[in-house]
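Each remark here refers to the structure printed beneath this line.
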Number of protein chains: 2
Amino acid sequence: MNASQLSELTRRSHRQVVEPGKTLLDAEQPTSTYSNVLAGVVKLSKMLPDGRQQIVGLQFAPDFVGRPFSPESSLKAEAVTSTVLCTFPRQLLERMISESPELEHKLYLQALDELDDARDLLLTLGRKTARERVATFLLMIARHSPHAEGSEDGGTGFELPLTRAEIADFLGLTIETVSRQLTKLKGSDVIRVEQNRRIRVPDMELLEAETGD
Amino acid sequence: MNASQLSELTRRSHRQVVEPGKTLLDAEQPTSTYSNVLAGVVKLSKMLPDGRQQIVGLQFAPDFVGRPFSPESSLKAEAVTSTVLCTFPRQLLERMISESPELEHKLYLQALDELDDARDLLLTLGRKTARERVATFLLMIARHSPHAEGSEDGGTGFELPLTRAEIADFLGLTIETVSRQLTKLKGSDVIRVEQNRRIRVPDMELLEAETGD
DNA sequence: CGTTCTATTGAACTGAGTCAACAGATGTGG
DNA sequence: CCACATCTGTTGACTCAGTTCAATAGAACG
């Protein structure tokens, strides 16, 4: 990416803060914009005609959201937390990709990472028990938490960006099963649940031992 | 990709036929080669320490197998049918990528396609019933079958490249459940099973209606 | 301080798993 | 070419993890 490209991107990109629930990309209408996530969390989900839903990916800063080279994506992208985005028009991005091998290289590397994430999740959905799924999810969030307080006395603490319903949609479970497994992990002293969204992990290795891998 | 690169690739690549079960890539040892699948089917799988296994992708010709820019892949790649491969050393591929934006572009496009496939499978594993999973799998194989006989009298016929155990590993089910669902789909006249591996679909739309999407 | 989300808990149900027996295929050597 | 062994796939009976339905309890918000 050269200097003139960078300046054009800065000029034509649009920085914005979006609230939870805001749709960035819908399976129905063709993709018109791309975004970089600067802060917050975005969920990617798929839905069956009868309403069953599956979250197929979570994007954290500084991930890129969008599907280059394809008019529609069959995916819905939605902000799950309050999110800071840098948005730019489709044509600009695609022209810049064609002009800048370095940009395409970066996007390729991110696609490979997303592919690894998706395949990890496939193993989770295909073969893990409910308890292992919930532990796997908690560990993933802990690792992505910017200010997960380090290992002082009380272990690591972090905030869950997703509701129970969203965790269920991510793990291929029901709300009730997620809730019950959290309660059981609490009973086994693997986690402490402080005010619903706030989780404390006294010993990370104990949690890792619950993930199945 | 320019002429000298192409000739170097041709000279240094190695064409070979491998039998079912042959491992192309292992989670343990670092990746030393990359391959193009010229014919046949390759499975990508992940395993938990206790032996539970999940197939996270199937590669058909002319897919590329390998994970550029990462010494190890955490994936195992194995031929499921007799397969024709074009193999070349890691360093050659990575040098060629760095020299040829067009090559990287092609690989990027394939990665995006694999990502779409992985996410489709996530929806299947997270939210579909056993019957829907089996129907989804059959439809996928039918669409990838090179000589799936067209719609004459008896509908479409094709060969399953996977054993029941592999189908189960792909769909997050057990062998028994796969077998039972095939029997039930046969009972509903959605498919006919001719000699275990050979499937006939009288009416493709009937099968599509069983996939859940 | 009521209304409305969001989350927890309980009881009953069920789809898929487990365990076990059997049946077809495929293959091998006498 | 046939008996035997070995895979691969099917079927049945039973179990159980996770779902469903329903009631309750906290949080958040005006």
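Protein chains get the first letters and strands the later ones, always in sequence-line order, with residue 1 at the start of each.
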inquiry  = With a 3.5 Å distance limit and no angle check, can you tell me whether A/Thr211 reaches the backbone of A/Leu207 through a side-chain donor-acceptor pair?
reply    = no
request  = Using a heavy-atom cut-off of under 4.0 Å over every strand shown, decide if B/Gln195 touches base, sugar-phosphate, or nothing.
outcome  = nothing
request  = Give one of base, sugar-phosphate or nothing for B/Arg133, where a contact means two heavy atoms less than 4.0 Å apart.
outcome  = nothing
ask   = Along DNA chain C, 5' to 3', what are the outermost nucleotides having an atom less than 4.0 Å from a heavy atom of chain A?
value = C/dA7 to C/dA11
ask   = Counting any heavy atom closer than 4.0 Å, what does A/Thr177 reach on the DNA or RNA strands: base, sugar-phosphate only, or nothing?
value = base
key: Closest-nucleotide ordering on DNA chain C, the 5'-leading residue of B/Gln181 and A/Ala165   = A/Ala165
note = Comparing nearest nucleotides in DNA chain D, the 5'-proximal residue of the pair A/Ala130, A/Asn196 is A/Ala130
request  = Assess whether side-chain hydrogen bond (donor to acceptor under 3.5 Å, both in side chains) is satisfied between B/Glu78 and B/Ser45, documenting all intermediate values.
outcome  = CA-CA 8 Å; B/Glu78 223 175 320; B/Ser45 63; 4.9 Å; no
ask   = Distance-only, no hydrogens or angles: does the B/Glu132 side chain make a donor-acceptor pair with backbone N or O of B/Glu210 under 3.5 Å?
value = no
query = Ignoring hydrogens and geometry, is there a side-chain-to-backbone donor-acceptor pair from B/Gln110 to B/Phe64 under 3.5 Å?
reply = yes
Inter-residue atom distance A/Asp169.CG - A/Met47.CE, 0.5 Å rounding = 9.0 Å
task = Provide the start and end nucleotides, 5' to 3', of the part of DNA chain D that has atoms under 4.0 Å from heavy atoms of chain B.
result = D/dG9 to D/dA13
message = The test is salt bridge (charged side-chain N to carboxylate O under 4.0 Å, His left out); show your working for A/Arg67 and B/Asp116 and say whether it passes.
response = CA-CA 10 Å; A/Arg67 168 67 162 92; B/Asp116 289 342; 2.8 Å; yes
ask   = Hey, does B/Arg197 reach any base, or is it just sugar-phosphate, or nothing, if we go heavy atoms under 4.0 Å?
value = sugar-phosphate
query = Should the ring pair A/Phe69 and B/His105 be called parallel, tilted or perpendicular, given that the plane angle runs from 0 to 90° and is split at 30 and 60?
reply = perpendicular
ask   = Got a sec: does the CZ of A/Arg197 have more than 12 other heavy atoms crowding it under 6.0 Å?
value = yes
remark   = Taking for A/Arg127 and for A/Ile175 the nucleotide of DNA chain C with the nearest heavy atom, the one nearer the 5' end belongs to A/Ile175
request  = Could you tell me whether B/Leu182 contacts a base, only the sugar-phosphate backbone, or nothing, with contacts defined as non-hydrogen atoms closer than 4.0 Å?
outcome  = nothing
inquiry  = Using the rule side-chain contact (heavy atoms from CB on, under 4.5 Å), only one of B/Val178, B/Leu173, B/Leu160 pairs with B/Phe137; which is it?
reply    = B/Leu160
